[in-house]
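Quantities reported herein were computed from a predicted structural model and do not represent experimental measurements. These numbers come from the heavy atoms of this one structure, side chains and all, not from hydrogens, waters or symmetry mates.
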Amino acid sequence: MHNAIHIYLGLLLLCSPLLGSGQPLSDFLKGGETKNFALQAVQQEYRAALEKGPQVRQFPQPDFGLGTFLLPVETRLGAQQVRISAAQLFPWFGTLDARESLVLSQAASQYEKIASTALEVNFRIKTAYLRVYEIRMTRKIIQRNTSTLRALRQLALARVESGQGSAAEVLRVDLKIQELEQELRILDEQSTPPLADFNQVLNRPLNTPLTVQDSFAFATLPYPPDTLAQHLRQHHPTLRMFDRQREAAQKAIDLNALDTKPSLGLGVDYLMVAPRSDATPPNNGRDILQLNAKVRIPLGRKQYQAKEREERLNMAALENHQADLESRLLAAIEKAFADHATARKKR
C-alpha cells in the first residue's frame, strides 16, 4: 500500500515515446505480466479464494450413530438390541447464500490486489529500466566531456610550451579529468542495483545484461491533474480494494445476524428388536422406526455482538485508510506535475 502512489504515477510519468534502437520497454512490461513471481502468487491466491464458494454452500455433515444395549430394554414385542441413527442439521434460511456471498466478496478484494500488484511490477520495471538508461546516458556525457577536456589539456600544454600559459591551467584541467573519471567509477557501481532489480522483477539471472533504448523523447502528460484525480478515485485498484473490503465487512455483519438464528435438525432412529421366546404376541419382534426433530438455539449472544462491533470498526478503519491513500495520491499528482514543469524549464 505504501508504494501505491509511485505505482499509479509510474504509468503516467514514464509514458514517453521511444526513439532509436535497443530492447523496447513494452516488451519487458509484457514479460512482467507472465514471469513475475509476486504477480503469479496473487493470481493463484485469487483462484484459491474462488474455490471457497462451493465449500461454504454445503450443509453441515450429517451425523450417523450405531449403538447397542448392554442392558437390553424389554418391550412388549421383545428386547431392543441395536440402535442405528442418522440426523441432518439445516442452517437458518439464507445462511448458506450469505456465506457464499461473503467469500466471493473477499475474492473480489483479492482480484483488485492483482491489478495493484501488476501496477507495482510495471512501475518497478520502468523505474529500473530508466535508471539504467539514465546512468548510461550520463556515462556518455561524461566521456564526451572528458574527451573535450583532454583536447583542452593539449591546448594548455601548447600554451605553456610557447610561454603564453601557465602550468596551473594544465593542473586545473587534470583535476577536472580526474573528477570525471571518478564519477565514471561511481556510475559503474551505481548501475548494479537497478540492473539487479530489473532482472529480479522479470525472474531472470541478476547479472543478465540489458540493452536500453538509445534515447527517450520528453514525457508528454496525457491528462490534466483534475482529470487524473477523478480517474484515480474511480479506477485505482487499491482504492477499489478498500471498497470491496468494506462490502465484505458488511456481508460478514449480515452473516453474523443469520448465525444468531436457530438451526433446525431432522433425524431418524432404527431400533432392532429381538422376538420374544416366552410368548407370541402379534407383531412379535417388530423393529422400531422413530422420526425426530431438534432445534439448536445459540444462547450466548456476546460473541455475536462482539463480532458485529469488530466488523464495524474494520469498516471505519478501511474508510480512513482509503481517505488517507486518496489524499496522498492527490498530493503526489500535484508534485509530479510540478516536477514535470520544472524539468521542462530546465531542459
Side-chain angles (χ1 to χ4, degrees), residues 1-15 25-53 101-131 194 197-204 219 221-223 225 227-252 311 314-337:
M1 186 185 307
H2 63 281
N3 288 329
I5 294 175
H6 303 296
I7 295 168
Y8 191 77
L9 293 179
L11 297 181
L12 167 69
L13 297 181
L14 304 181
C15 55
L25 183 56
S26 58
D27 290 350
F28 294 114
L29 295 177
K30 293 178 182 178
E33 297 175 359
T34 57
K35 298 178 181 178
N36 182 260
F37 285 139
L39 187 54
Q40 292 177 11
V42 294
Q43 290 171 345
Q44 292 163 347
E45 289 170 354
Y46 169 68
R47 292 195 293 269
L50 290 178
E51 295 298 329
K52 293 182 179 179
S101 179
L102 172 59
V103 298
L104 292 180
S105 182
Q106 293 170 339
S109 172
Q110 190 67 31
Y111 180 78
E112 299 296 345
K113 189 176 180 181
I114 294 176
S116 179
T117 304
L119 280 179
E120 181 178 1
V121 169
N122 286 345
F123 177 75
R124 288 183 60 189
I125 291 174
K126 289 183 175 184
T127 302
Y129 185 97
L130 293 178
R131 178 56 179 157
D197 189 51
F198 182 87
N199 289 323
Q200 187 275 324
V201 176
L202 293 175
N203 188 23
R204 308 194 307 180
L221 304 185
Y223 305 109
T227 303
L228 184 61
Q230 182 179 1
H231 184 272
L232 79 89
R233 290 190 183 99
Q234 298 176 354
H235 301 290
H236 192 285
T238 307
L239 295 179
R240 289 202 309 258
M241 184 175 66
F242 286 130
D243 290 333
R244 302 295 178 266
Q245 289 174 344
R246 286 205 305 273
E247 292 174 3
Q250 181 58 55
K251 292 182 184 298
E311 295 299 336
N314 284 335
M315 291 173 65
L318 289 169
E319 189 171 347
N320 287 329
H321 281 308
Q322 186 180 41
D324 175 67
L325 176 59
E326 182 177 331
S327 65
R328 289 189 288 119
L329 282 167
L330 294 176
I333 288 174
E334 294 297 329
K335 181 180 183 301
F337 275 85

Show me the donor-acceptor pairs, under 3.5 Å and distance only, between side chains in residues 31-42 and residues at least two apart or in other chains.
residue	atom	partner	partner atom	Å
T34	OG1	G31	O	3.2
N36	OD1	A38	N	3.0
N36	OD1	L39	N	2.9
N36	ND2	V201	O	2.8
Q40	NE2	T34	O	2.6

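- Under 3.5 Å, the side chains of D243 and Q322 contain a donor-acceptor pair of N or O atoms.
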Between F242 and H236, does the side chain to side chain contact (heavy atoms under 4.5 Å, CB included) criterion hold? Intermediate values first, please.
CA-CA 10 Å; F242 286 130; H236 192 285; over 6 Å; no
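- Taking the side chain as every heavy atom from C-beta outward, L221 and L228 never approach each other to under 4.5 Å.
- At a threshold of 4.5 Å between non-hydrogen side-chain atoms, the residues Q230 and T227 do not count as touching.
- Atoms OG1 and CG, on T127 and D197 in that order, are 8.5 Å from each other to the nearest 0.5 Å.
- Scanning for side chain to side chain donor-acceptor pair (under 3.5 Å) contacts around Q200 gives R124, with sequence neighbours left out.
- Taking CD1 of I125 as the start and CG of L130 as the end, the distance is 11.5 Å to the nearest 0.5 Å.
- A 4.5 Å side-chain heavy-atom check between L104 and L50 finds at least one atom pair inside the cut-off.
- R246 places no side-chain N or O within 3.5 Å of a backbone atom of M315 that could act as its donor or acceptor partner.
- The minimum heavy-atom distance between P194 and A128, with the atom names listed, is O-CB, 3.4 Å.
- Between Y129 and F198, the ring planes are tilted. Angles from 30° to 60° get that label.
- Contact annotation: the side chain of R240 never approaches that of Y111 to less than 4.5 Å [non-hydrogen atoms, C-beta and beyond].
- The CD atom of E319 sits 12.0 Å away from the NE2 atom of H321 when rounded to the nearest 0.5 Å.
- Every residue two or more places apart in sequence or in another chain was checked for a salt bridge (charged side-chain N to carboxylate O under 4.0 Å, His left out) with K52, and none qualifies.
- Rounding to the nearest 0.5 Å gives a distance of 9.5 Å between OG of S116 and CG of L239.
- R233 has its side chain out of reach of L329: every pair of non-hydrogen atoms, C-beta onward, lies at least 4.5 Å apart.
- At a cut-off of 3.5 Å, with distance as the only test, no side-chain donor of S105 or K251 sits close to an acceptor on the other residue.
- Summarising the geometry, atom CG belonging to L318 is positioned 13.0 Å from atom CZ belonging to R244; distances are rounded to the nearest 0.5 Å.
- We find the CD-CD distance between Q110 and Q44 to be 11.0 Å, quoted to the nearest 0.5 Å.
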